[in-house]
Amino acid sequence: MDFGSSPESRPLRGEPFVRKAPHNGWIGQILTLGRVSNLPTVWSNCVAAWAINLCSHEWARAIPDWKSPEALHPGFLWPLLLGASLLYVGGCALNDFCDHKFDARYNPHRPIPSGEISRTMVLGLATLAMVAGAWILLRIAECDLLWVGLLVACVLVYDLVHKHWQGGVVLMGGCRLLLWACAATCGDATAIHPLTWVWGLTLGCYVVGISLFARGEANPAGDPPRVAIFFLFGPPLFALAALIHWNNLDPIRVFLANLVGLLIAWIAFSSILRVRKGEAGGVGVAVSNLLAGICVTDALVVCFCMPMLIAPLLCLNPLALWMQKRFAAT
């Protein structure tokens, strides 16, 4: 299961939703199963969620504090990133295990139907990765048991039902939201503040928008559904609303939020235009850009709390795009 990529439905016109990536031997098959090209978006989610929760207050309308990145203690940060990564790749591998019949018919290039790796080995590796990831999140990163448990449950339910239920896109957004909640409770955090939930829901809607956008391939007109477009523009619209509400926010954060907000808006706008042009492979390129854009939405979040993190999170965007050329994102 992928916390952020679109579910594969039956391809039309012979075009997959994302770029195909070459397989690079046995190790390459494992990395492809784990959708490692999307790991930068997992890392950015973890950093942004923890940062905004550390800087927010019990009253959602209060301006977040401006803190130094040193508040993200390395003793918790690295286990958080490692645990989330293992849980992510394990869930993605389990997704291939559950979808083997579908892939055998429509995606024979995938590692399992191509015979490059057995289902038994995939199940074993996926289980090991998920158990290890959950243990690291709980015992070393000290995330809250409730949210880690709900995240694991949501991943499992999604993997089992998403090919049989159109509402699976909601579960996909829910996985990202629960990952956000896990990261927010990392280390010494004792509660998740209201503003953290609002940003997490905005991220979840953006991910749902990506999924609906990709499913728009089935639309004979070739246009993505309007609700998907609304969800994709959710992050910059919410940031704009926050700037209007916090009209006394310092000029530096105002400038940075406007700049990064325009960037994520441009990613969404350019992706929509690419699809509407009807070019071959346009949907795949657009969805890949939107997936990597998750890192930009997280950079938008930290504009309000830890501006020094903006550059590192933005750098994860081209890293994700580069990795997508080597390993399929879905």
Side-chain angles (χ1 to χ4, degrees), residues 1-10 16-18 35 38 40-42 44-46 48-49 52 84 87-88 91-92 95 99 147 150-151 153-184 196-219 223-239 241 261 264-265 267-272 274-275 283-284 286-298 300-301 317 320 329-330:
M1 175 262 165
D2 186 339
F3 295 176
S5 64
S6 58
E8 295 177 359
S9 56
R10 180 172 179 171
F17 289 141
V18 297
R35 276 66 155 192
N38 288 323
T41 70
V42 174
S44 67
N45 282 169
C46 291
I52 193 65
L87 194 56
Y88 175 86
C92 289
N95 182 261
D99 292 350
W147 303 116
L150 288 176
L151 174 58
C154 193
V155 170
L156 295 176
V157 172
Y158 174 83
D159 284 344
L160 291 172
V161 309
H162 78 106
K163 280 292 188 289
H164 313 288
W165 179 44
Q166 291 294 316
V169 294
V170 178
L171 291 175
M172 181 174 293
C175 285
R176 284 283 179 169
L177 174 60
L178 291 170
L179 174 64
W180 187 270
C182 287
T196 306
W197 281 119
V198 174
W199 272 115
L201 287 169
T202 303
L203 167 70
C205 288
Y206 178 82
V207 170
V208 171
I210 297 176
S211 302
L212 294 174
F213 183 89
R215 286 186 173 181
E217 166 75 9
N219 185 349
D223 292 339
R226 292 183 179 180
V227 67
I229 296 175
F230 175 78
F231 286 155
L232 292 176
F233 282 100
L237 288 175
F238 178 71
I264 188 60
I267 291 174
F269 180 70
S270 61
S271 298
I272 294 168
R274 181 179 291 273
V275 171
V283 173
V287 173
S288 293
N289 290 336
L290 290 171
L291 286 172
I294 292 174
C295 301
V296 184
T297 67
D298 293 328
L300 180 58
V301 175
N317 175 266
T330 65

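Source: prediction; values computed, not measured.
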For residues [X] and [Y], report the shortest heavy-atom separation together with the two atoms involved.
X      : Y      : value
Asp99  : Asp159 : OD1-O, 4.4 Å
Leu212 : Ala228 : CB-CB, 3.7 Å
Ile267 : Asn289 : CG2-O, 3.7 Å
Leu291 : Thr41  : O-CG2, 3.4 Å
Leu179 : Cys46  : CD1-SG, 4.2 Å
Trp197 : Ala181 : CH2-CB, 3.8 Å

Rounded distance [0.5 Å steps], [atom1] in [X] versus [atom2] in [Y]:
X      : Y      : atom1 : atom2 : answer
Ile272 : Leu232 : CD1   : CG    : 6.0 Å
Ser271 : Leu290 : OG    : CG    : 3.5 Å
Phe231 : Thr202 : CZ    : OG1   : 11.0 Å
Asn317 : Ile264 : CG    : CD1   : 8.0 Å
Arg176 : Leu171 : CZ    : CG    : 14.5 Å
Cys175 : Tyr88  : SG    : OH    : 10.5 Å

Notebook entry, point to check: Side chains of Asn95 and Arg35: donor-acceptor distance under 3.5 Å anywhere?
Noted result: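 A pair is found: one side chain offers a donor N or O, the other an acceptor, under 3.5 Å apart.
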Contacts of [X] that satisfy side chain to side chain contact (heavy atoms under 4.5 Å, CB included) - sequence neighbours left out:
X      : result
Leu156 : Leu94, Met130, Val152
Phe230 : none
Ala48  : Trp180, Asp298, Val301, Val302
Ala239 : Trp199, Leu300, Phe304

**Prompt:** Is there side-chain contact between Thr297 and Leu203, with at least one heavy-atom pair below 4.5 Å?
**Reply:**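 A side-chain contact under 4.5 Å exists here.
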